[in-house]
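Structure first, commentary second.
Here is how names work: the chains are called A, B, and so on, in the same order as the sequence lines, proteins then strands, and each is numbered from 1.
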There are 2 protein chains.
Amino acid sequence: MQKVTMADVAKLANVSKSTVSQYLNKRYEYMSEETRRRIAGAIEQLQYRPNVIARSLKQKSTATIGVIVFNILHMLTTQVLRAIEDMCQQHDFHVIVCNTDDDPEKEKKYIDMLWAKQVDGFIIFPTGKNVDLYKRMIEARLPVVFVDRTVEGIDVDAVLLDNERAVQLGMHYLIEQGYKHIGLVAPPFAPHVIPRTERINAFRYALREANLPIKEEWIITEQVKHISGRLDALLQRNKLPEAIFAINDLTLMEVLTFVKRRQLTIPHDIALISIDDVPFASIYTPSLTTIAQPAFEMGEKATERLFMQMGGEISPQMFRLAPKLIERDSAKKRGDKGE
Amino acid sequence: MQKVTMADVAKLANVSKSTVSQYLNKRYEYMSEETRRRIAGAIEQLQYRPNVIARSLKQKSTATIGVIVFNILHMLTTQVLRAIEDMCQQHDFHVIVCNTDDDPEKEKKYIDMLWAKQVDGFIIFPTGKNVDLYKRMIEARLPVVFVDRTVEGIDVDAVLLDNERAVQLGMHYLIEQGYKHIGLVAPPFAPHVIPRTERINAFRYALREANLPIKEEWIITEQVKHISGRLDALLQRNKLPEAIFAINDLTLMEVLTFVKRRQLTIPHDIALISIDDVPFASIYTPSLTTIAQPAFEMGEKATERLFMQMGGEISPQMFRLAPKLIERDSAKKRGDKGE
DNA sequence: TTTACTTACTAAATCGATTTAGTAAAGGAG
DNA sequence: CTCCTTTACTAAATCGATTTAGTAAGTAAA
């Protein structure tokens, strides 16, 4: 495979390894023009490529960060990842990506492996279940940033959506449009899944605040594959709410599946608003009103914090990034025809 | 940061570093039960984590592969990546992901950096413009697999969609459904972009084969942002084709934008079929008939070949994976109402 | 002429593992 | 009791860089 080492270059250029190393690290200060040229020539001639692993060993830095996500297939994840990669590219850093499928065992294994691999930092969408491990990372002063979720009792940088605000934005809009009977669809409640918990709580709060009824049968927190069935049941009993708030793209898809199967009309039969600005929102009929997560900014913020941590001790902070309501036609006022 | 080394473990366990190393590598053969326990205890007590970088230096393998893609935001890329990551996970390998934005400069930089970083192999969606570099990689016997595109004159493993077959599948279907006036939308023609070229050529071939007219104004190869404008122009002159073949998801989106803006009905006013099974295909109205790329299999095949290369010399091969037509309602026979 | 400083290098230690060659002790055969 | 094996280890070299301490030669000042 690769055989040319610094020693070979040194020999050919008739200098010591040290000098070659100085050259590579651009410490030209006390180096003659002549020597510099000879080394450059030797490198060119031998097609020498420094072995970064060897350097890493000595310098204790790998210019690599580990990013641990649930599932790269989720749009939010992909976008955050893209932002991270862009920023790393500017710093000549590399990104190792790991999928946990929200499985704490896999998460643990990945953290251990990346740690052993001496990555310079971690950006993690945490499962939330490896509390001891997270603590050990912090104690070891590893640079760590959490994204999307935080974990109670872990003092670490975290970049999250302002979920309360997101729900508020959507609910205020729906209420403003005149909807009073509003339901929610979400995956099953799980206390450690922060965004879910916060969104569901904020939903209840918004209804209470507006003095609207909280009907438990309209709060569907169910495995995604069962959601459209639950909606079917409501429809059969003629008990559909006027509007539905879908807390993410997956649940939105289920609602749309239901709507299509039952040949309902949005927003006439049922109005719809959701968190996550799906790529087809504007070409769907009717176009979908959504609450967009600032995915790129989340990635940028997380990376920025990580680099700050790598640059020196800073005290952990939690960042709540602002969602944005994108008004389209799926939740226009009752009686309106839409655009 | 991390300070515990093998020497510390050795000292605490009262054995030599060599013995600790044997233990870590599970070469227990001539090791007493007692020693084993002492080492295990010391490791536990010191919370020792082996430094993989040091091991890599000696063993000349990093258990890491580099994946270089145009843009992780593309669905195909994401899916291929997911498959790669899954397979690597099984082998305890890691994946470094790099975005080139289809820029040869960035590609070159990334390949150089990853090479220096001693990754054990590369999976590349090649820009196609760094021919010399690709050649040097092959000469250096680096394991390399190309995905999505190949490059003329480079003898390397490549995993591609069977583009001819994909177009044929779609075109036969359209023709079977009774469409005779068929147009195509694609990004601008570029000879090194294999899938594009092959699809456009196959489209012309399919028309010729069926004795249908090839009208150049219906073959729209245009920057994505200009596509819907071109369609507008055709509509104004009342010259729209009966059916449109969109060669990928991006162009499909443009057609859908146009259709929505002009309030046309699919498939009545215009039938539609596309390569790439977009996630909203089945919930769109009408549901969209698509030709799905076997993205996961592509990722799996690429990784499989990469591991084969890493296992020993094999001769390069090109793999053409089969697309799959998913019939829905956007291109049902003229006169039919759809489901 | 001596001392001091600058310039242009180099030798050797170091990073933290793996690995090879070797050794000491114990057990068994003759 | 010697010789050979087997067992259970260890010392030292190695991977390919970086880095520190040091040196030799040349120049300048006193």
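Look at Y23(B) and you won't find any side-chain N or O under 4.0 angstrom from OP1 or OP2 of dA17(C). Between N25(A) and dT18(D) there is a side-chain N or O to OP1 or OP2 distance below 4.0 Å. The phosphate of dT10(C) (OP1 or OP2) has a side-chain N or O of T19(A) nearer than 4.0 angstrom.
A cation-pi arrangement is not found for R305(A) relative to F319(A), the charged atom failing to lie both closer than 6.0 Å to the ring centre and inside a 45° cone about the ring normal.
On a pure distance criterion of 3.5 Å, no polar donor-acceptor pair joins the side chain of T5(A) and the base of dA17(D). Remark: the S56(B) side chain and the dA17(C) base include no donor-acceptor N/O pair separated by less than 3.5 Å.
Considering only side-chain atoms of Q59(B), the nucleotide from dG16(C), dT18(C), dT10(D) that sits closest is dT18(C). Between dA17(C), dA11(C), dC15(C), one nucleotide has an atom nearer to the side chain of K60(A) than all others, and that is dC15(C).
Across all strands, V52(B) comes closer than 4.0 Å to no nucleic acid atom at all (heavy-atom distances). Counting non-hydrogen atoms under 4.0 angstrom, M6(B) reaches a base of the nucleic acid. Residue contacts shown for S32(A) are limited to sugar-phosphate atoms, with no base heavy atom under 4.0 Å away.
With respect to E33(A) and R36(A), a salt bridge is recorded, a charged nitrogen being found less than 4.0 Å from a carboxylate O. A salt bridge between K129(B) and D102(B) is absent, with no side-chain N of the basic residue lying under 4.0 Å from a carboxylate O of the acidic one. Between K301(A) and E304(A) there is a salt bridge, since at least one side-chain N of the basic residue sits less than 4.0 Å from a carboxylate O of the acidic one.
Rounded to an integer number of Å, the gap from CD1 of I39(A) to C1' of dT10(C) is 12 Å. Rounded to an integer number of Å, the gap from K3(A) NZ to dC15(D) C1' is 15 Å. A straight line from CD of Q22(A) to P of dA21(D) spans 14 Å, rounded to a whole angstrom. For Q118(A) and dA17(C), the CD to C1' distance is 11 Å, given to the nearest whole Å. For the pair I53(B) CD1 and dT18(C) C1', the interatomic distance rounds to 15 Å; values are reported in whole Å. The CZ atom of R55(B) sits 8 Å away from the C1' atom of dA17(C) (whole-angstrom rounding). The nearest whole Å value for the distance from the NZ atom in K17(B) to the C1' atom in dC15(C) is 10 Å. Atom CD of E33(B) and atom C1' of dT7(D) are 15 Å apart (whole Å).
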Stepwise side chain to side chain donor-acceptor pair (under 3.5 Å) test for S21(B) and S18(B): CA-CA 5 Å; S21(B) 177; S18(B) 327; over 6 Å; no
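Where L57(B) and S18(B) meet DNA chain C, the nucleotide closest to each residue was compared, and L57(B) sits on the side nearer the 5' end. Mapping Y28(B) and A54(B) onto DNA chain D by nearest heavy atom places Y28(B) at the nucleotide closer to the 5' end. Projected onto DNA chain C by closest heavy-atom contact, K58(A) and T35(A) fall at different nucleotides, the more 5' of which corresponds to T35(A).
Looking only at side-chain heavy atoms (C-beta outward), V80(B) and I123(B) stay at 4.5 Å or farther from each other.
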